[in-house]
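Data block below; observations after.
Hydrogens, waters and symmetry mates play no part in the numbers below; they use all other heavy atoms, side chains included. We count ligands from 1, going down the list as the structure has it; atoms in each ligand are counted the same way.
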Amino acid sequence: MPIKFAICNELFQGWRLEDAFAFVKELGYDGIEIAPFTLAERAEQVSREERKRIRKLAEDLGLEIVGLHWLLVSPPGLHLTTPDDSIRERTKAYFRELLYLCADLGGKIMVVGSPKQRSLVPGDTYEAAWERAKAFFADLLPLAEQLNVTFCIEALPTETDFIPTLDEAIRFVKEMNHPNLQTMVDVKSAVGEGLKLDEAVYKAAPYLKHVHANDANRLGPGMGDTDFAPLAKALKEINYDGFVSVEVFDFSPGAERIARESLDYLRKIFA
Ligand code: LER
Ligand code: MN
C-alpha cells in the first residue's frame, strides 16, 4: 500500500472547514488530521449534527479524517499525570469525550502529545507519574478498542520531561501491551533528541502507527535543512501503511504555501 499524506488542520486558522478540506484535497493530500480546539473549546460542544456534517464533508471529497492531535490545548485545567485525583479523573473523562469525537468523525488515531498537560508537576517523581499514566490509559483502553481508535504516544524531547524520548514512548507501549496504545515518530522531535530518522523508524517499527512531518525549524517538510530521505527509505522498508501527516508550528509563510510546498517535497522524497 502506498504511503498516504495528510496535513493538520490548525494551520488553516480562520478558514471554514469546507474550504480547508477542499483545498488540501485539491492539492492531493489523502487525509486531514484535526486539532479539536479548532472545532470548539470542548469536544462535547461539537453537536451530533456537526460531527455528521464534518464526516460527510470529508467523505464526499474522498479525504480521510486521520484522527485527532493537540488534544488538551483546550479546555484549561486538565492534566494527565498530576497526583491530584480529581484533575486526573476530569482529564480522563475528557479523553472519553475525545475518543467519541474521534470515532464520530471517522478518525482512527489520537496523538498523545499534550506536553504541558503531561509534564511532571512540582514535587512529583517520574516513576509515580509513570504509574498514574499507565492507570489513566488502562481505564480508557476498553473504550478505545470498542471505538477502534489507537492512542499514539508522542515523544516530545524539547517540550516535556515526561516521556521525552522515543525509547521511553516505546517502553510505555510495551508495558501497556495493548493494540490500541502504540507510538509514532514526530520528525522535529526525533531530530531534537539526536536520532537519525531511519534509526527512529526502525526503533519504533513494531509500534509505529503515525508520523508527523515537520522540519526541525518547525516549518513544513522541505522548508528547512531536515533531510526526509532516510525517513522515506525506512518507512518503505518496514512497509509502513499509515499516514505521514504535515504538522507545522510556524504559520508565517501562510497556509497555502506551507501545504503546497510540503506535499511537493514529500512526493519528491517518497517517489
Ligand atoms: C507538539 O510539538 C506536537 O508535535 C504535537 O503533535 C502535540 O500534539
Ligand atoms: Mn507532533
Side-chain angles (χ1 to χ4, degrees), residues 5-13 29 31-39 43 65-76 78-81 91 94-95 98-99 101-102 105 107-119 133 136-137 140 149-166 168-170 172-173 181-195 197 200-201 204 207-221 223-224 226 228 231 235 240 242-252 258-259 262 266:
F5 300 121
I7 188 161
C8 295
N9 86 310
E10 69 277 12
L11 170 65
F12 298 93
Q13 282 175 317
Y29 283 96
I32 186 121
E33 185 173 330
I34 306 282
F37 75 88
T38 65
L39 304 182
I65 294 186
V66 181
L68 308 179
H69 75 137
W70 275 133
L71 302 178
L72 300 179
V73 169
S74 72
L78 300 181
H79 203 283
L80 236 135
T81 64
T91 306
Y94 191 62
F95 258 68
L98 289 169
L99 280 167
L101 176 65
C102 186
L105 297 179
K108 301 217 165 27
I109 59 127
M110 272 171 52
V111 172
V112 181
S114 303
K116 286 198 187 74
Q117 296 86 359
R118 77 188 205 213
S119 290
F136 182 93
F137 285 106
L140 293 168
V149 172
T150 301
F151 292 118
C152 298
I153 306 293
E154 183 181 43
L156 294 167
T158 60
E159 288 153 285
T160 183
D161 55 4
F162 186 67
I163 314 190
T165 62
L166 195 52
E168 279 297 276
I170 292 168
F172 193 79
V173 172
L181 189 140
Q182 303 291 316
T183 192
M184 59 174 292
V185 168
D186 174 271
V187 170
K188 59 114 176 54
S189 296
V191 173
E193 66 163 297
L195 288 172
L197 293 177
V201 169
Y207 322 101
L208 186 65
K209 290 289 177 253
H210 197 52
V211 174
H212 273 165
N214 30 44
D215 193 274
N217 70 8
R218 303 172 79 81
L219 278 165
M223 301 181 83
T226 307
F228 278 60
L231 179 89
L235 288 176
Y240 176 72
F243 275 93
V244 172
S245 189
V246 173
E247 183 195 38
V248 305
F249 306 93
D250 174 358
F251 301 168
S252 57
I258 291 170
S262 296
L266 288 174

Worked verdict on Glu154 versus His210 for side-chain hydrogen bond (donor to acceptor under 3.5 Å, both in side chains): CA-CA 9 Å; Glu154 183 181 43; His210 197 52; over 6 Å; no
For the Mn ion (ligand 2): the N/O/S atom of Glu247 at shortest distance: OE1
Ligand 1 versus Leu156: contacting region, heavy-atom distance under 4.0 Å: side chain
Contact (N/O only, under 3.5 Å) between Arg218 and ligand 1: no
Flag side-chain contact, heavy atom, 4.5 Å: Leu166 against Glu193: yes
Residues Asp250, Asn217; criterion side-chain hydrogen bond (donor to acceptor under 3.5 Å, both in side chains); working and verdict: CA-CA 8 Å; Asp250 174 358; Asn217 70 8; over 6 Å; no
His212 neighbourhood, listing ligand 1 atoms whose heavy-atom distance to it stays under 4.0 Å: 6 (O)
Spacing of CD belonging to Gln117 relative to CG belonging to Leu72, to within rounding of 0.5 Å: 5.0 Å
Numbered atoms and elements of ligand 1 in range of Glu247, under 4.0 angstrom, heavy atoms: 3 (C), 4 (O), 5 (C), 6 (O)
No-hydrogen, no-angle side-chain donor-acceptor test under 3.5 Å, Ser245 and Glu33: yes
Metal proximity, His212 vs the Mn ion (ligand 2), N/O/S cut-off 2.8 Å: yes
Angle, OD2 of Asp186 through the Mn ion (ligand 2) to OE2 of Glu154 - 10° precision: 90°
Minimum-distance protein heavy atom relative to atom 7 (C) of ligand 1: Glu154 OE1, 3.2 Å
Nearest neighbour of atom 4 (O) of ligand 1 from the list Lys188, Lys116, Glu10, on a heavy-atom basis: Lys188
For Asp186, the ligand 1 atoms whose distance to one of its heavy atoms is below 4.0 Å: 4 (O)
Shortest protein contact, atom 2 (O) of ligand 1 (heavy atom only): Glu159 OE2, 2.6 Å
Under 3.5 Å donor-acceptor, Thr38 side chain and Ala35 backbone: yes
Heavy-atom side-chain proximity of Thr183 to Cys152 below 4.5 angstrom: no
Check: Phe243 and Phe5 side chains under 4.5 Å, non-hydrogen atoms: no
